[in-house]
Protein chains: 2
Amino acid sequence: MTDALDTLEHDNLGSTVYHLLCNALIQGKLKPGERLKIRELAARLGTSVTPVRDAILRLVQEQALAMKSARDIRVPHMTVARYLEIRAIRIKLEGLAAEMAAQNASAEQIALLEELVRQNEQAIADGDTARGCDLNQRFHFALVDIAGMPFLQGILYRIWLQMGPLIADVYGAGGDDMLDFHYPVLAAIRAHDGPAAARAISDDILCGGQVILQHLQAAELTASARQTSAAGGED
Amino acid sequence: MTDALDTLEHDNLGSTVYHLLCNALIQGKLKPGERLKIRELAARLGTSVTPVRDAILRLVQEQALAMKSARDIRVPHMTVARYLEIRAIRIKLEGLAAEMAAQNASAEQIALLEELVRQNEQAIADGDTARGCDLNQRFHFALVDIAGMPFLQGILYRIWLQMGPLIADVYGAGGDDMLDFHYPVLAAIRAHDGPAAARAISDDILCGGQVILQHLQAAELTASARQTSAAGGED
DNA sequence: TTTGCTTATTTGATGCATCATATATGCAGG
DNA sequence: CCTGCATATATGATGCATCAAATAAGCAAA
C-alpha cells in the first residue's frame with residue numbers, strides 16, 4: 001500500500017524517509033499547520049540532511065507539504081474549496097476504479113474485500129478509530145488494486161496523502177457510519193455490476209465525507225469570525 | 001501553464017531545472033529510451049549536480065522519468081496497457097474539467113478558447129506540427145483553467161508529462177484531424193452544456209488518440225516479433 | 001582467437017561545509 | 001515604556017568531496 005507510487009523505483013534513503021513521512025501524514029501524526037525542519041528531522045532519523053531534503057521536496061511537489069516561504073515548510077491546512085475539488089476528482093477516479101474492479105474481481109479478491117470490511121467492523125466495535133481509519137483506506141485502495149490500474153493507484157495515493165491529516169482529525173467524530181457505505185459497494189462488486197459499484201463509491205465519498213466537510217466549514221467560519229473580532233478588537 | 005504544479009512553490013534552482021526538463025519532455029525533445037546523466041546535465045546548465053538531482057528525482061517520482069537500476073535514468077517507453085489506463089483516467093478527469101468549464105465559462109474565456117482553435121488551424125495550415133501540438137495541449141489546459149480546479153490541473157499536468165514524448169513522436173502522422181474534435185467541445189461550452197462538453201472531450205480523447213494507440217500497438221507487435229525471431233535465430 | 005579475471009571509469013547516493021536570507025533578539029534612543 | 005535599528009541565529013539552497021556499485025576496458029591465459 002505504502003509503496004504504491006514507486007513499484008519500480010530504486011530504493012534509496014530518500015525514499016525511505018519519504019515513505020516514513022507519508023505514513024506519518026496518513027496516520028495523522030503530523031497535524032495541519034505543523035512545521036517541519038530538515039536538520040531536525042535528519043538528526044531525529046540519524047541521517048544527513050540530503051535524504052530528508054529529497055523526501056520533503058517530493059512531498060512539497062505533490063502538495064502534501066507546503067513551502068509557504070523559503071524556509072517555512074508546513075503541513076498544509078485543507079480548505080473547503082480544495083476539499084470539494086478533491087471530492088469531485090475522487091468520485092470520478094474511485095468510481096472508475098470501482099467500475100473496473102466490479103468487472104475484474106475474482107472470488108479471492110471479493111473475499112479479501114469482505115475480510116477488510118469484517119475487520120473494520122471489529123475495529124469499530126473495539127473503538128479503535130486509528131485502525132478503522134486505516135482499514136477504510138485499505139478498502140478503497142483494494143478496489144484500485146483489483147481494478148488493475150497502477151497509474152491510477154499512484155494518483156489516488158497522492159490524493160489520500162492530502163487528506164491524511166484531515167481524516168485523522170475528524171474520523172473519531174462520526175466515522176462509525178463510514179463503513180455502512182461499503183456494503184453496497186461490496187454488493188455491486190459481487191454482482192459484477194460496474195455502474196452500480198461506481199454509484200456506491202460515489203455515495204460513500206459524498207455521505208462518508210459529510211462529517212469532514214462540516215468540520216471544515218465550521219473551522220473556516222470560526223477562523224473568519226476570529227479574524228473579524230480581532231480586527232474589531234484592535235481598532 | 002508550465003508552473004501549473006507549483007503555484008505556491010518557492011522558486012529554487014531545482015524548480016527551474018525541473019520546468020526546463022518538463023518542457024523538454026512535453027515538446028518531445030527527449031525521446032523515449034533516452035538516458036539522462038545528472039553530471040552531464042549539470043555541466044550543460046552550468047549548475048552543480050544538486051539542483052539537477054532535485055529536478056530528476058521529482059520527475060522520477062511522478063514517473064515522467066524512470067530509474068530502471070540505481071544509475072540508469074531514462075525517458076520511459078509507453079506501453080499499450082499504460083496508455084489505455086491513462087486514456088480512461090483522462091476521459092474522467094478532462095470530462096470533469098470540461099463539464100465545470102461549460103458551467104463557468106465567461107465570454108472572454110470562450111473567446112480565448114476560440115482564439116486557441118483559430119491559431120491551431122493556422123498552425124496546421126502552416127504545417128507547423130510542433131506549434132499545433134503545443135496549441136492542442138493549451139486548449140485542453142485552458143479548459144481546466146476555466147473550470148477553476150487548480151488541483152486537477154496539477155494531476156493533468158503530470159499525466160500530460162507522461163504523454164509528451166509519445167505525442168511529439170506521433171503527432172505529425174495524423175494530428176491534423178485532431179483539431180476537428182475541438183469544435184464540438186467549443187459548441188458545448190458556448191451552450192453551457194456540461195454533459196455535452198464532457199462527451200465531446202471524451203470523443204476528442206478517444207478519436208484523436210486513435211493514431212497514437214495504433215502507433216503503440218504496431219510498436220509492441222514489431223518488438224515482440226523481433227524478440228521471437230531473435231530467440232528463434234539463437235536456438 | 002576466445003574467455004575470464006582484474007582494473008579503471010562512470011555515475012548516483014550521501015554527507016557536509018558554506019552561503020544567503022528571513023526571523024528573532026537585544027540594545028539604544030526617545 | 002515603546003519604537004527602530006543592528007546584530008545574532010536559524011534554516012533552506014547550493015556546491016562539492018567522497019563512497020559504492022555497476023559497467024566497461026584491458027590484459028592474460030588457454
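Below, read A as the first sequence line, B as the second, and so on, with proteins coming before strands; counting in each chain starts at 1.
The 12-atom threshold is not exceeded at NZ of B:Lys29, counting heavy atoms of other residues, nucleotides or ligands nearer than 6.0 Å.
Computed from coordinates, the A:Asp72 CG to D:dG12 P distance equals 9 Å when rounded to whole Å. Between the CG atom of A:Leu57 and the C1' atom of D:dT11 there is a distance of 14 Å, given to the nearest Å. In this structure, the NZ atom of B:Lys37 is 17 Å from the P atom of D:dA22, given to the nearest Å. Summarising the geometry, the separation between CZ on A:Arg58 and C1' on C:dA13 is reported as 14 Å, rounded to the nearest angstrom. Taking atom CD1 on A:Ile38 and atom P on C:dT18, their separation rounds to 19 Å, with Å as the unit. In this structure, the CD1 atom of A:Ile73 is 14 Å from the C1' atom of C:dA22, given to the nearest Å. When the P atom of D:dT23 is taken as reference, atom NZ of B:Lys68 falls 14 Å away, rounded to whole Å. B:Arg53 places its CZ atom 10 Å from the P atom of C:dG12, with the value rounded to the nearest Å.
Relative to the side chain of B:Arg35, the nucleotides D:dT14, C:dG12, C:dT11 differ in distance, and C:dT11 lies closest.
A:Ile205 and A:Arg87 make their closest contact through CG2-CG, 3.6 Å (heavy atoms, listed as atom of the first residue, atom of the second, distance). The nearest pair of heavy atoms linking B:Leu161 to B:Tyr18 is CD2-OH, 4.2 Å.
Between B:Arg58 and B:Asp54, no side-chain nitrogen of the basic residue sits less than 4.0 Å from a carboxylate oxygen of the acidic one, so the salt-bridge criterion is not met.
Between A:His140 and A:Trp160, the two ring planes are tilted [angle within 30° to 60°]. Between B:His182 and B:Phe139, the two ring planes are parallel [angle under 30°; tilted spans 30° to 60°].
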For nucleotides 15-19 of chain D, give me every protein contact, N/O to N/O, under 3.5 Å, one pair per line with atom names.
| from | atom 1 | to | atom 2 | distance (Å) |
| --- | --- | --- | --- | --- |
| D:dG15 | OP2 | B:Ser48 | N | 3.1 |
| D:dG15 | OP2 | B:Ser48 | OG | 2.9 |
| D:dG15 | O5' | B:Ser48 | OG | 3.4 |
| D:dG15 | N7 | B:Thr50 | OG1 | 2.5 |
| D:dC16 | N4 | B:Thr50 | OG1 | 3.3 |

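Across all strands, A:Leu36 comes closer than 4.0 Å only to sugar-phosphate atoms, never to a base (heavy-atom distances).
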Show your reasoning for whether side chain to side chain contact (heavy atoms under 4.5 Å, CB included) applies to A:Leu45 and A:Leu13.
CA-CA 11 Å; A:Leu45 300 175; A:Leu13 247 187; over 6 Å; no
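In this model, the phosphate group of C:dT23 is not approached by any side-chain N or O of A:Arg71 to a distance below 4.0 Å at OP1 or OP2.
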